[in-house]
Amino acid sequence: MSKNLTPRSQDYSKWYNELVIRADLAENSAVRGCMVIKPYGFAIWEKMQAELDRMFKETGHQNAYFPLFIPKSLFEAEEKNAEGFAKECAVVTHYRLENDPDNEGKLRVDPTARLEEELVVRPTSEAIIWNTYKGWIQSYRDLPILVNQWANVVRWEMRTRLFLRTTEFLWQEGHTAHATRDEAMAEAELMNNVYAQFAEGFMAIPVIRGIKTESERFAGAEETFCIEALMQDGKALQAGTSHFLGQNFAKAFDVKFTNKEGKLDYVWATSWGVSTRLMGALIMTHGDDKGLVLPPNLAPNQVVIVPIYRSEEQLNQIDLVAEKLMTLLRAAGHSVKYDNRDTYRPGAKFAQYELQGVPLRIAIGPKDLENGTVEVARRDELSKQIIAIDSVVETVSMLLDEIQKNLYERALNFRDDHITEVDDFDTFKSVLEEKTGFISAHWDGTAETEEKIKELTKATIRCIPIDEEAKPGSCVYTGNPSERRVLFAKAY
RNA sequence: CGGGAUGUGGCGCAGUCCGGUUAGCGCACACGGCUGGGGGCCGUGGGGUCGCAGGUUCAAAUCCUGUCAUCCCGACCA
């Protein structure tokens with residue numbers, strides 16, 4: 001990737017925010033830390049939803065829906081989970097407004113309408129779901145339960161960031177119940193793999209599969225699997241997580257079942273989720289200074305056709321050719337948009353579709369009509385070629401495939417160039433500051449060392465990679481024995 | 001919640017230090033003409049209680065006090 005296409009760290013936040021807004025994906029709403037996802041942005045989210053949904057169904061899952069409000073008593077049942085989220089919960093305390101007698105035309109909260117028990121707006125749904133599952137499960141014959149929910153959740157974070165950490169966000173959360181530990185553990189791993197496959201195959205975002213250290217683990221989980229991605233500014237982003245919850249929630253909500261041997265046992269659980277944060281990952285992985293760059297798999301429009309003309313007569317002729325092309329391209333399974341608005345000039349349209357990241361642009365003008373050609377431009381490389389009109393379908397199919405692959409390869413090369421093996425702490429610090437990215441280093445396995453390194457460098461252990469062979473060594477900070485290298489990085 | 005910064009037409013900004021004509025500029029918008037293979041040009045025009053509330057002053061976008069919001073850096077986190 002050429003350097004001038006890579007927004008660098010210092011301007012990155014600004015670039016990111018501007019790109020998001022300029023690309024017409026989302027904007028800040030009037031509500032603190034919340035975002036309005038605009039139609040084009042939502043179209044991308046819908047593509048992601050559709051593919052994830054397909055993958056979930058393929059692995060035997062079903063969708064369901066649970067309430068937004070969680071009674072406080074249910075929420076606090078699983079102690080660690082409750083504690084972990086306590087500081088970021090929106091809480092409903094009243095259910096009625098009334099006219100304010102001291103302030104004409106204004107409303108106030110009716111003090112007599114206080115709820116007997118407060119309702120927590122879900123930051124995640126384990127509590128309400130496990131309280132429900134309790135009534136669904138008696139026997140091993142009722143298991144497994146493999147349910148997913150598409151929902152919004154609210155986490156009142158101190159600091160928000162468009163897409164990456166909004167107060168309200170959209171996500172899916174899977175919640176499964178199993179008869180055995182092994183089966184639940186296998187489910188958690190399976191779903192982490194589904195996420196990895198989705199990120200890499202569909203979004204062209206290379207990820208590292210790993211497990212979280214105890215201090216980075218989901219509150220209430222016994223093991224957290226994750227996929228970690230690297231953004232162009234050298235910071236890591238947790239792109240998805242899948243948790244093995246053990247029997248913690250079953251015990252907290254008293255979910256027991258009779259097993260094959262006729263004995264009572266607690267149910268084993270998993271939960272897993274990805275969110276609109278993935279759209280942030282998309283922007284920050286593939287975007288350049290001209291705007292978004294969308295992998296063909298999730299582009300709402302894979303191809304846009306722009307007519308170039310002077311007279312109305314010319315436009316009419318191009319219309320005919322364009323209509324024919326659209327029919328052919330659609331028949332080949334590609335999504336195509338024909339932009340024959342006469343209110344904008346071609347150059348403006350080109351710029352607009354580059355901003356939106358449309359993978360391929362076809363321009364047709366009078367010269368093309370004469371020569372039987374079209375101009376095809378690809379967004380990822382910003383290159384153009386003239387091709388014969390008869391070969392359009394074939395070329396488009398080929399190019400879309402190539403762009404999907406190229407985006408992944410490009411991001412993978414960048415990511416791999418930014419994984420540095422480091423064995424001493426001075427190098428650790430300098431690599432972190434100057435080169436950025438992941439640092440593969442030995443760690444003595446203690447939370448104290450992890451904390452100390454975080455304090456000194458702001459880097460955290462992103463994960464213990466699953467796909468890398470464990471080789472012993474000595475801790476980069478304490479020099480104590482280490483079983484294996486782990487990945488450190490500054491993270492969003 | 002601590003540190004820093006910023007609030008001026010739809011968007012991006014100048015003006016604020018050092019108070020003083022009718023508050024400017026770019027983009028966008030509307031109309032007209034010329035244009036037309038990468039965000040066109042020229043002309044004309046519409047649009048602003050300068051975040052909000054007090055105060056100082058003959059006079060406040062500008063100074064003072066308070067307040068709200070946003071952004072960045074921390075702590076927290078998908």
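Each chain gets a letter, A, B and so on, in the order its sequence line appears, and its residues count up from 1.
- For A/Arg361, the side-chain atoms get nearest to B/G38 when compared with the rest of B/A78, B/G37, B/G38.
- Distance from the side chain of A/Met158 is smallest for B/A75 among the nucleotides B/A78, B/A75, B/G38.
- Comparing B/A78, B/G37, B/G36 by their nearest atom to the side chain of A/Phe169 picks out B/A78.
- Taking CE from A/Met203 and CD from A/Glu51, the interatomic distance works out to 11.0 Å, rounded to the nearest 0.5 Å.
- Counted by atom type alone, A/Tyr344 and A/Asp339 present zero donor-acceptor pairs between their side chains at under 3.5 Å.
- At B/G40, one or more side-chain N or O atoms of A/Arg345 fall inside 4.0 Å of OP1 or OP2 (strictly under the cut-off).
- Close placement of the A/Trp272 and A/Phe56 rings is indicated, their centers lying within 6.0 Å of each other.
- Closest approach to the A/Phe350 side chain among B/C29, B/G38, B/A78 is made by B/G38 (side chain taken as heavy atoms from C-beta onward).
- Rounded to a whole angstrom, the distance from the P atom of B/C27 to that of B/C41 is 8 Å.
- Base pairing of B/A5: its partner is B/U70, meeting the Watson-Crick or G-U wobble criterion (both donor-acceptor distances under 3.5 Å).
- Checking B/G39, B/G37, B/A78 against the side-chain heavy atoms of A/Ala348 singles out B/G39 as nearest.
- Listed nucleotides: B/G38, B/G37, B/C29. Nearest to the side chain of A/Ile308: B/G37.
- For A/Ala351, the listed nucleotide lying nearest its side chain is B/G39; candidates were B/C29, B/G39, B/A78.
- Closest contact between the side chain of A/Lys458 and the listed nucleotides B/G74, B/G38, B/G39 involves B/G74.
- When the nucleotides B/A78, B/G39, B/G37 are ranked by their closest atom to the side chain of A/Arg277, B/A78 comes out on top.
- Summary of the strand contacts: A/Ala491 and A/Lys367 both lie near RNA chain B, and taking for each the nucleotide with the nearest heavy atom, the more 5' one is attributed to A/Lys367.
- Between the CD atom of A/Glu157 and the P atom of B/A78 there is a distance of 7 Å, rounded to whole Å.
- The residue A/Glu354 sits close to a base: some heavy atom pair falls under 4.0 Å.
- Here, B/U57 and B/C64 have their C1' atoms 12 Å apart, quoted to the whole Å.
- The residue A/Gln238 sits close only to the backbone: its heavy atoms come under 4.0 Å of sugar-phosphate atoms, none of a base.
- Within the nucleic acid shown, A/Thr241 has no heavy atom closer than 4.0 Å to any nucleic acid atom.
- Rounded to whole Å, the distance from CZ on A/Arg155 to P on B/C76 is 16 Å.
- Proximity of the aromatic rings of A/Phe198 and A/Tyr195 is defined here by a centroid distance below 6.0 angstrom, and this criterion is not met.
- Here the rule is ring pair (Phe, Tyr, Trp, His ring centres under 6.0 Å) with A/His243, and of A/Trp268, A/Phe218, A/Phe225 only A/Phe218 fits it.
- Nucleic acid contact class of A/Thr167 (heavy atoms, under 4.0 Å, all strands): none.
- OP1 and OP2 of B/G74 both lie 4.0 Å or more from every side-chain N or O belonging to A/Lys454.
- Remark: the separation of the C1' atoms in B/C42 and B/G36 is 16 Å, to the nearest Å.
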